[in-house]
Amino acid sequence: MLVPPATSWRAAMLGGQQPSQHGQRLGDRAVLKQGAAKRKDRVFVWGFCYSGALGVPSFVKPDVGWKKPRRIQPTPYRLETEEKISSAACGYGFTLLSSNTADITKVWGMGLNKDSQLGFQRSIRDRTKGYEYVLEPSPIPLPLEKPQETRVLQVSCGRAHSLILTDSEGVFTMGNNSYGQCGRKVVEDETYSESHLIHQLKEFDSRVVQVVCGQDHSLFRTKKGAVYACGWGADGQTGLGHYDITSVPTKLRGDIAGVNIIQVSSYGDCCLAVSDEGDVFGWGNSEYLQLASVTETTQVNVPRHLPFKIGKIKEAACGGTGNIVLTEEGNVFVWGYGILGKGPNLIETAVPKMIPPSLFGWSDFNPDIRVAHVRCGLSQFAAITNRGELFVWGKNLRGCLGTGRMEDQYFPWRVTVPGEVVDVACGVDHMVSMVKSFT
Amino acid sequence: MSNGFLVFCVSVLGIGHGNKLLTDLYNCHLTKVYTVGGLLGKATDDFSDTGKLVEKTTFDHITREKLERILAVIQGTNHKALLMHSNIDMKTQEAYELAVKGLIRPMGKSPPIITAIRCLQFALPEFQLEVHCLHETQQYLRKIVHEIGLELKSSAVCTQVRRIRDGVFTLDDALLRTQWNLQSIQNAIWDCQLKVKTELEKTLGHQDKIHLHKMDVEMAHAADS
């Protein structure tokens with residue numbers, strides 16, 4: 001029986017390129033080589049290619065005649081970027097990348113642009129027209145008052161709209177506004193494609209420190225610990241006590257009134273918020289048991305405290321049908337519906353279930369390993385350990401897990417990335433990660 | 001161990017009925033543990049410090065932290081290989097249960113796999129690693145040292161490979177040359193009985209309970225004789 005060749009971990013490090021073979025005989029004279037110094041910041045992408053969301057034009061339009069277009073990139077692929085990327089967000093078929101730079105260009109977008117979620121991308125062939133699909137990271141010009149001073153801190157993407165958070169000029173919104181998700185009045189029969197309109201939001205109780213896009217709604221968290229929302233509300237996802245649309249960011253009350261919220265999350269129609277005391281609150285869709293621990297109603301339009309007895313919560317993430325939290329102790333809990341990460345037998349639960357730490361590499365041999373961050377896409381989960389390892393699980397829609405296999409993954413599985421993973425953004429069918437090279 | 005490469009190690013011997021046990025233990029595909037010595041700054045043709053010099057490199061930029069990052073990658077990639085070569089259907093609840101317990105491992109032929117690796121000592125230009133592996137060869141362990149050197153943007157050779165554990169048997173169970181007499185050997189067999197039985201039960205138990213009963217009888221005989 002043929003034994004397959006030994007695992008080439010170095011091939012994994014080089015992201016698919018072949019490592020140079022040993023055996024470069026240099027004769028009797030030995031050559032003195034200098035070692036390198038600084039670690040480099042890198043971006044890796046994987047998942048569905050045809051939307052252009054991965055930012056690699058040759059996947060969609062091969063630059064060499066005989067090559068075929070690549071529909072799916074199943075493993076992490078390095079994306080060359082001009083600047084160091086500090087924030088990334090995956091929308092439904094598009095991506096935003098931003099840098100904390102003082103340079104004029106601070107945000108780049110790629111992928112679907114039919115609703116101008118990437119701003120107006122002027123076509124080269126016809127300067128009056130804009131691109132519907134953007135195949136490579138393209139600058140998004142922002143109407144900044146102080147373009148050489150203001151910094152972009154964070155970006156977020158939903159189904160067809162985007163939010164860009166700055167340090168001193170508030171939040172900029174772009175894309176579809178049919179439900180007021182961009183925080184401005186809904187204009188009847190507005191055409192969103194090839195639109196130049198970028199709206200600016202500044203009226204909050206204090207500086208906005210986090211922006212989150214749900215499917216068709218937007219959440220804003222301020223320095224004072226308040227949460228504002230606007231957009232589609234049929235599932236109660238705006239948390240404002242009604243089920244209508246809202247076109248002006250409005251402060252949420254309910255169980256989070258007066259509470260210092262330090263993190264919010266959403267991606268579908270369910271929302272979670274974490275307080276400074278380690279409590280978690282939820283509102284929005286509960287058709288998949290996301291909030292069943294406190295109510296039987298499937299739409300919750302006011303923030304409710306979820307009295308889980310699992311320890312203080314540090315971070316939460318919401319997907320389409322499943323939720324995940326990370327506790328102060330470093331434990332990971334999941335609940336909701338779908339592939340939750342505890343094997344095929346667990347498809348739904350209203351109460352959080354812990355994913356054993358051994359699945360993230362913890363063992364007697366490695367007792368210091370902890371999960372540092374948890375993230376959610378529409379139907380997949382991701383966890384990053386304190387060693388910079390990335391684990392994924394859930395539905396492998398169009399290769400979005402990055403495992404190199406096309407099967408769904410029922411428990412946490414390592415993604416081989418040539419570097420230390422610093423953060424990851426999950427979308428519907430693609431993912432983007434920010435990585436520091438090893439040496 | 002060949003090539004005149006000095007290796008002090010744990011070697012497991014079977015006597016009489018014990019030979020059958022050796023086969024069973026082999027079928028458990030348990031890991032062996034080695035301490036591996038490395039020396040930064042040069043590369044040789046056979047990856048050992050006695051080989052023909054190919055290249056010399058600087059190594060001042062190397063820190064223990066950098067080395068440990070590389071070790072984390074090696075461990076991660078190999079962990080994946082471990083799961084993939086185990087031939088278990090990943091979509092089953094059984095696969096999940098085994099993964100949680102860390103019991104997924106190849107039960108047939110597979111390429112060398114490192115199940116765990118860590119840095120025991122680091123003092124430029126030398127370092128010492130502890131390596132847990134399956135189906136390894138000495139050449140493979142030396143090559144790992146060489147590749148670590150390359151990945152650190154330098155070069156390294158292997159100075160020592162020492163097996164300190166073979167499955168359930170550790171250095172503590174090993175008999176020194178001076179103890180190669182009947183009484184010591186008998187005591188050693190007796191001491192190891194329980195360990196061997198437990199391991200076989202844990203790994204092969206779900207496969208063949210009848211076989212294990214026969215083994216109980218055999219072990220009792222071995223102790224008496």
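Letters go in sequence order (proteins before strands), and every chain restarts at 1. The basis for the numbers below is simple: all heavy atoms, side chains too, and nothing from hydrogens, waters or symmetry mates.
Around CD of A/Glu329, the count of heavy atoms belonging to other residues, nucleotides or ligands within 6.0 Å does not exceed 12. Counting heavy atoms of neighbouring residues, nucleotides and ligands inside a 6.0 Å radius, atom CZ of A/Phe360 exceeds 12 of them. For A/Tyr337, the OH atom sits in a loose shell: 12 or fewer heavy atoms of surrounding residues, nucleotides or ligands are nearer than 6.0 Å.
Between the side chain of A/Ser358 and the backbone N or O of B/Val100, at least one donor-acceptor pair lies under 3.5 Å. Looking at A/Glu407, its side chain never comes within 3.5 Å of a backbone N or O of B/Met90 through a donor-acceptor pair.
Within the 4.5 angstrom heavy-atom criterion, no atom of A/Ser363 approaches chain B. Neither the backbone nor the side chain of B/Leu67 comes within less than 4.5 Å of any heavy atom in chain A. Within the 4.5 angstrom heavy-atom criterion, only backbone atoms of B/Thr92 (N, CA, C, O) approach chain A.
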Donor-acceptor pairs under 3.5 Å, side chain of residues 371-383 of chain A to any protein atom, not counting sequence neighbours: which ones?
{"from": "A/His373", "atom 1": "ND1", "to": "A/Glu315", "atom 2": "OE2", "distance (Å)": "3.1"}
{"from": "A/Arg375", "atom 1": "NE", "to": "A/Asp423", "atom 2": "OD1", "distance (Å)": "2.9"}
{"from": "A/Arg375", "atom 1": "NH2", "to": "A/Asp423", "atom 2": "OD1", "distance (Å)": "3.0"}
{"from": "A/Arg375", "atom 1": "NH2", "to": "A/Asp423", "atom 2": "OD2", "distance (Å)": "3.4"}
{"from": "A/Gln380", "atom 1": "OE1", "to": "A/Leu378", "atom 2": "N", "distance (Å)": "3.3"}
{"from": "A/Gln380", "atom 1": "NE2", "to": "A/Gly427", "atom 2": "O", "distance (Å)": "3.3"}

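The line from CZ of A/Phe411 to NZ of B/Lys91 is 12.0 Å long, rounded to the nearest 0.5 Å. Separating the CZ atom in B/Arg69 from the NZ atom in A/Lys436 is a distance of 9.5 Å, to the nearest 0.5 Å. Considering OH of B/Tyr96 and CG of A/Leu359, their distance stands at 6.0 Å, rounded to 0.5 Å.
Residues of residues 385-397 of chain A lying under 4.5 angstrom from chain B, judged on non-hydrogen atoms, are A/Arg387, A/Glu389 by number.
Of all heavy-atom pairs spanning B/Gln93 and A/Lys342, the tightest one is NE2-O, 3.1 Å.
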